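Data block below; observations after.
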Amino acid sequence: QVQLVESGGGLVQAGDSLRLSCAASGRIFSTNTMAWFRQTPGKEREFVAGIRWTTLYADSVKGRFTISRDTAYNTVYLQMNSLKPEDTAVYYCAARQFAPSTSRNDYNYWGQGTQVTVSS
């Protein structure tokens, strides 16, 4: 069984930085794709960033956010810089086998989410 637990969210002002962490337990391997999604009330969960052997970012966060994994493959991070109010959302960690995907329907495992709120 795979379990994902996010942490690091909080309330910040525009321009500040946060680093989210996702701790994974179970059968997580280097061949897995790990990703971050985010969701606001009334909207679908949207792709933010993913990592396998390369990284992939949504256009809205490219150049500001960085996704990374530790050498043990059991933790994934999302470094968020230059935060904007429109980044406010619940951020979710996700995992799947094989190739990266930007579709939430392609991911098998999900964390519970962590709230990020960015004020003006």
Side-chain angles (χ1 to χ4, degrees):
Q1 298 181 16
V2 174
Q3 294 187 1
L4 306 174
V5 180
E6 305 95 334
S7 62
L11 174 62
V12 298
Q13 294 184 345
D16 286 351
S17 297
L18 280 175
R19 189 181 72 169
L20 305 183
S21 298
C22 174
S25 61
R27 299 186 67 182
I28 298 295
F29 305 100
S30 62
T31 54
N32 290 124
T33 292
M34 303 292 293
W36 289 94
F37 286 73
R38 65 187 182 186
Q39 187 172 26
T40 57
K43 291 192 173 184
E44 291 187 353
R45 196 167 298 182
E46 66 175 355
F47 176 82
V48 176
I51 185 170
R52 195 187 186 195
W53 297 302
T54 59
T55 56
L56 182 66
Y57 296 94
D59 289 341
S60 59
V61 305
K62 191 175 181 63
R64 298 188 297 120
F65 292 9
T66 302
I67 187 171
S68 61
R69 295 177 71 167
D70 66 8
T71 56
Y73 306 110
N74 60 357
T75 306
V76 63
Y77 304 95
L78 185 68
Q79 178 66 46
M80 305 185 294
N81 298 327
S82 301
L83 283 162
K84 305 174 181 179
E86 49 264 44
D87 294 319
T88 296
V90 176
Y91 284 71
Y92 296 89
C93 180
R96 73 184 300 266
Q97 292 273 58
F98 312 116
S101 173
T102 60
S103 174
R104 62 184 176 89
N105 295 322
D106 290 336
Y107 287 81
N108 308 97
Y109 307 103
W110 294 90
Q112 84 289 345
T114 185
Q115 176 72 47
V116 173
T117 302
V118 185
S119 63
S120 299

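Predicted model only: the values in this text are computed from it and were never measured. Just so you know, these numbers use all the heavy atoms, side chains as well, and skip hydrogens, waters and symmetry mates. Residue numbers count from 1 along this sequence.
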Indicate, with yes or no, if Phe37 and Val61 share a hydrophobic cluster defined by side-chain heavy-atom contacts under 4.5 Å among Ile, Leu, Val, Met, Phe, Trp and Tyr.
-> no
Counting only heavy atoms not in Glu86, do more than 12 sit closer than 6.0 Å to its CD atom?
-> yes
Without hydrogens or angle criteria, can the side chains of Tyr107 and Arg96 be said to hold a donor-acceptor pair below 3.5 Å?
-> no
Working for side chain to side chain contact (heavy atoms under 4.5 Å, CB included), residues Arg38 and Thr88 | CA-CA 9 Å; Arg38 65 187 182 186; Thr88 296; over 6 Å; no
Is it true that a side-chain atom of Arg19 and a backbone atom of Gly8 form a donor plus acceptor pair closer than 3.5 Å?
-> no
Heavy-atom count around Gln13 CD within 6.0 Å, excluding the residue itself: above 12?
-> no
Same cluster or not: are Trp36 and Val118 linked, directly or through other Ile, Leu, Val, Met, Phe, Trp or Tyr residues, by side-chain heavy atoms under 4.5 angstrom apart?
-> yes
CG-CZ distance between Asn32 and Arg52, expressed to the nearest 0.5 angstrom | 8.0 Å
Closest non-hydrogen atoms of Tyr92 and Gly111, given as atom of the first, atom of the second and distance, are CD2-O, 3.6 Å
Is a donor on one side and an acceptor on the other found under 3.5 Å between the side chain of Thr114 and the backbone of Gly9?
-> yes
Least distance between heavy atoms, Leu4 atom then Ala95 atom | CD1-N, 3.9 Å
Anything under 30° is parallel, anything over 60° is perpendicular, the rest tilted; go ahead and classify Phe65 against Tyr91.
-> tilted
Crowding at CG, Asp59 (>12 non-hydrogen neighbours, <6.0 Å) = no
Examine distances only and state if a side-chain atom of Thr40 and a backbone atom of Ala89 form a donor-acceptor pair shorter than 3.5 Å.
-> no
Distance col, row Thr55:OG1 vs Arg69:CZ, nearest 0.5 angstrom, shows 12.5 Å
May I ask whether Tyr109 and Leu20 are part of the same hydrophobic cluster, defined by side-chain heavy atoms of I, L, V, M, F, W, Y residues being less than 4.5 angstrom apart, directly or through others?
-> yes
Summary of disulfide (SG to SG under 2.5 Å) pairs that have at least one residue in residues 39-82, sequence neighbours excluded = none
What distance do Ser60 atom OG and Asp87 atom CG have between them, rounded to the nearest 0.5 Å?
-> 7.0 Å
Are the side chain of Glu6 and the backbone of Gln112 linked by a donor-acceptor contact shorter than 3.5 Å?
-> yes
Minimum-distance pair of heavy atoms, taken over all atoms of Val116 and Met80 | CG2-CE, 3.9 Å
Would you mind reporting whether Trp110 and Cys93 have side-chain heavy atoms less than 4.5 Å apart?
-> no
Please answer: with hydrophobic residues joined when any side-chain heavy atoms are less than 4.5 Å apart, are Leu18 and Val90 in the same cluster?
-> no
Could you state whether Tyr77 and Val48 fall into the same hydrophobic cluster, counting links through intermediate Ile, Leu, Val, Met, Phe, Trp or Tyr residues with side-chain heavy atoms under 4.5 angstrom apart?
-> no
Work out which heavy atom in Ile67 is nearest to a heavy atom in Met34; give both atom names and the distance.
-> CD1-O, 3.9 Å
CZ of Arg45 to CG of Asn105, rounded to nearest 0.5 Å, is 10.5 Å
If you look at every heavy atom in Ile51 and Val76, which pair is closest and at what distance?
-> CG2-CG2, 4.3 Å
Evaluate whether atom CD of Glu46 has more than 12 neighbouring non-hydrogen atoms of other residues, nucleotides or ligands under 6.0 angstrom away.
-> yes
Closest approach of Ala14 and Ser120, non-hydrogen atoms and distance?
-> CB-CA, 4.5 Å
Quick one: pull up CG in Asn74 and OG in Ser25 and give me the separation to the nearest 0.5 Å.
-> 9.0 Å
Would you say Arg64's side chain and Ser82's backbone share a donor-acceptor pair under 3.5 angstrom?
-> yes
